Amino acid sequence: MSSTELPSVSATSVLPRVALVRVAEGERLRSVGLPGVTLSVRSRPPAREGLPPALYVHGLGGSSQNWSALMSELDHVVDGEAVDLPGFGDSPPPDDGDYSVTGHARAVIRYLDAAGRGPVHLFGNSLGGAVATRVSAVRPDLVRTLTLVSPALPELRVQRTAVPTALLGLPGVAPLFTRITRQWSAEQRVRGVMGLCYGDPGRVTPESFEYAVEELERRLRLPYFWDAMARSARGLVNAYTLGGQHGLWRQAERVLAPTLLIYGGRDLLVGYRMSQKAARSFRDSRLLSLPDAGHVAMMEYPETVAGAFRELLRDIRELDGQPIPARRPEGPGEPGSADVAVEAGHGLGDTDERS
């Protein structure tokens with residue numbers, strides 16, 4: 001057994017007592033038991049009954065909290081839930097230790113099947129974008145629309161700034177990195193992550209920075225934190241090497257759902273140049289380019305991302321002949337439309353709650 005592997009024991013038996021995950025006002029967090037995995041699911045009560053369901057899937061090292069701002073923006077048009085992938089956020093490791101893209105996709109499918117909420121408006125960021133692409137390709141019955149924010153799809157020329165994240169997946173690198181950075185404070189780690197993920201880290205409010213530090217301190221006390229990171233990074237790298245029907249680009253071509261693609265011009269992890277390839281690969285796509293955004297546009301520009309999704313929803317409802325909800329009044333500080341470029345593509349178990 002390598003130093004990055006967990007013993008073969010039930011996930012629930014290795015969980016330490018750590019601080020509770022923060023739940024924002026208006027949100028609730030519940031734990032859902034499924035075969036082989038337990039998932040933490042964050043949700044907001046919809047503005048009214050009968051809204052279509054949505055599911056949000058975070059990226060590597062993230063959690064359901066990454067979607068809180070966008071969930072709030074869209075709570076009047078969808079009934080949204082955000083899942084913590086196995087080993088992230090408040091979800092324990094999967095029983096089988098499978099952190100591959102397929103393993104994460106299987107967990108999402110199990111949840112959607114158990115919840116009976118499909119087809120959903122499915123959102124994914126980074127690793128979550130790869131997971132959502134695979135879910136959409138293999139289970140089109142579960143997906144009404146697909147929205148991908150900087151999806152982690154294979155690149156022939158990976159950006160140099162993304163190499164350290166990929167190296168995390170190599171055996172032994174995570175323990176080595178842990179030893180090297182033992183003296184780093186949580187504040188230093190969070191600043192480094194935000195510098196990598198945000199187009200302009202200055203947009204992060206002091207309150208949001210404090211919350212991020214608090215969450216990282218909590219997760220660093222989990223014995224499986226680095227294992228989940230390393231194995232998920234390794235799973236993503238492995239997915240990049242798959243060819244044939246299991247290749248992510250081939251699966252993108254199989255997606256039937258209308259797809260909204262969102263790329264940031266300052267993204268240091270997913271190359272902006274991949275946006276055109278994505279627009280060509282997803283058969284029913286539209287592209288939103290945000291020149292000043294980084295890797296997490298839904299956190300940097302939630303109002304703009306929400307507006308683009310509302311337009312996608314408006315298009316498919318016009319095709320279906322359904323009524324279109326009024327747009328929420330804009331609040332102060334919404335990013336100007338001059339910084340946004342939109343291009344058309346090929347067309348269009350058991351639960352334990354706390355709040």
Side-chain angles (χ1 to χ4, degrees), residues 11-12 14-33 38-46 54-75 78-93 107 111 123-128 149 184-198 201-226 228-229 232 295-303 305-306 331 333 351-355:
T12 56
V14 299
L15 294 180
R17 293 184 178 181
V18 297
L20 295 177
V21 172
R22 179 179 292 274
V23 182
E25 183 177 355
E27 294 183 346
R28 65 174 183 171
L29 198 66
R30 72 184 191 279
S31 181
V32 180
T38 298
L39 297 179
S40 179
V41 180
R42 184 180 301 267
S43 61
R44 295 184 64 89
L55 186 70
Y56 304 85
V57 186
H58 64 80
L60 181 66
S63 75
S64 58
Q65 293 184 66
N66 294 163
W67 297 101
S68 289
L70 186 61
M71 287 175 66
S72 178
E73 288 292 325
L74 293 177
D75 64 3
V78 294
D79 182 356
E81 294 183 337
V83 64
D84 285 329
L85 291 174
F88 293 93
D90 206 33
S91 292
Y111 173 69
F123 293 73
N125 168 236
S126 192
L127 167 64
V149 182
W184 292 10
S185 68
E187 288 83 357
Q188 288 174 307
R189 295 176 189 272
V190 169
R191 287 193 184 94
V193 170
M194 289 183 170
L196 190 63
C197 292
Y198 279 73
R203 293 182 61 86
V204 180
T205 66
E207 182 181 43
S208 295
F209 181 82
E210 178 185 340
Y211 290 169
V213 171
E214 176 185 298
E215 173 62 8
L216 180 58
E217 289 175 337
R218 184 193 72 83
R219 292 171 70 180
L220 285 171
R221 288 193 288 270
L222 297 171
Y224 55 82
F225 172 76
W226 285 112
M229 285 284 291
S232 293
H295 192 60
V296 287
M298 74 286 188
M299 300 174 70
E300 300 173 84
Y301 299 98
E303 301 94 341
V305 173
T351 64
D352 174 31
E353 297 186 7
R354 70 173 181 267
S355 60

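Every value quoted in this text rests on a predicted model; they were computed, and no experiment measured them.
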In Å and rounded to the nearest 0.5 Å, what is the [atom1] to [atom2] distance from [X] to [Y]?
X      : Y     : atom1 : atom2 : answer
Phe123 : Met71 : CZ    : CE    : 10.5 Å
Ser72  : Glu25 : OG    : CD    : 10.0 Å
Leu55  : Trp67 : CG    : CH2   : 10.0 Å

Does any non-hydrogen side-chain atom of [Y] lie less than 4.5 Å from one of [X]?
X      : Y      : value
Leu29  : Val21  : yes
Met299 : Asn125 : no
Phe225 : Leu216 : yes
Leu39  : Pro86  : yes

Going through the checks in order, is the side-chain contact (heavy atoms from CB on, under 4.5 Å) test met by Tyr111 and Val83?
CA-CA 9 Å; Tyr111 173 69; Val83 64; 5.5 Å; no
Sequence neighbours excluded, which residues qualify as side-chain hydrogen bond (donor to acceptor under 3.5 Å, both in side chains) partners of [X]?
X      : answer
Ser40  : Asp84
Glu207 : Tyr211
His58  : none
Glu217 : none

**Prompt:** Using a distance-only test with no angle check, is there a side-chain donor-acceptor pair under 3.5 angstrom linking Glu215 and Ser63?
**Reply:**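 Their side chains do not contain a donor-acceptor pair, so the 3.5 Å distance test is not met.
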Who are the side-chain contact (heavy atoms from CB on, under 4.5 Å) partners of [X], not counting sequence neighbours?
X      : answer
Ala212 : Val190, Met194
Pro201 : Tyr198
Arg191 : Glu187, Phe209
Ala297 : Val149, Ile262, Leu290, Ala293, Val305

inquiry  = Between Glu81 and Arg30 (salt bridge meaning N to carboxylate O under 4.0 Å), is one present in this structure?
reply    =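 Salt bridge flag = yes for Arg30 with Glu81.
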How far apart are the closest heavy atoms of [X] and [Y], and which atoms are they?
X      : Y      : result
Ala306 : Glu73  : CB-CB, 3.7 Å
Tyr224 : Pro92  : OH-CA, 3.9 Å
Leu70  : Pro302 : CD1-O, 3.6 Å
Ala186 : Val213 : CB-CG1, 3.8 Å
Gly26  : Pro45  : O-CD, 3.0 Å

Practice task
Please confirm whether the backbone N or O of Ala228 pairs with a side-chain atom of Ser232, one donor and one acceptor, at under 3.5 Å?
Solution key: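 Here the side-chain-to-backbone pair exists.
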Checklist entry - Donor-acceptor pair, Arg218 side chain versus Arg22 backbone, under 3.5 Å? => result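 Absent.
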Show your working on side-chain contact (heavy atoms from CB on, under 4.5 Å) between Ser31 and Asp90 and close with a plain yes or no. CA-CA 8 Å; Ser31 181; Asp90 206 33; over 6 Å; no
| For Arg44, what residues pass the salt bridge (Lys or Arg N to Asp or Glu O under 4.0 Å) criterion, not counting sequence neighbours? |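 Partners of Arg44 by the salt bridge (Lys or Arg N to Asp or Glu O under 4.0 Å) criterion, ordered by chain and then number, come out as Asp75.
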- request: Report yes or no: is the cationic atom of Arg42 (NZ for Lys, CZ for Arg) under 6.0 Å from the centre of the six-membered ring of Tyr56, at an angle within 45° of the ring normal?
  value: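 Cation-pi check for Arg42 and Tyr56: fails.
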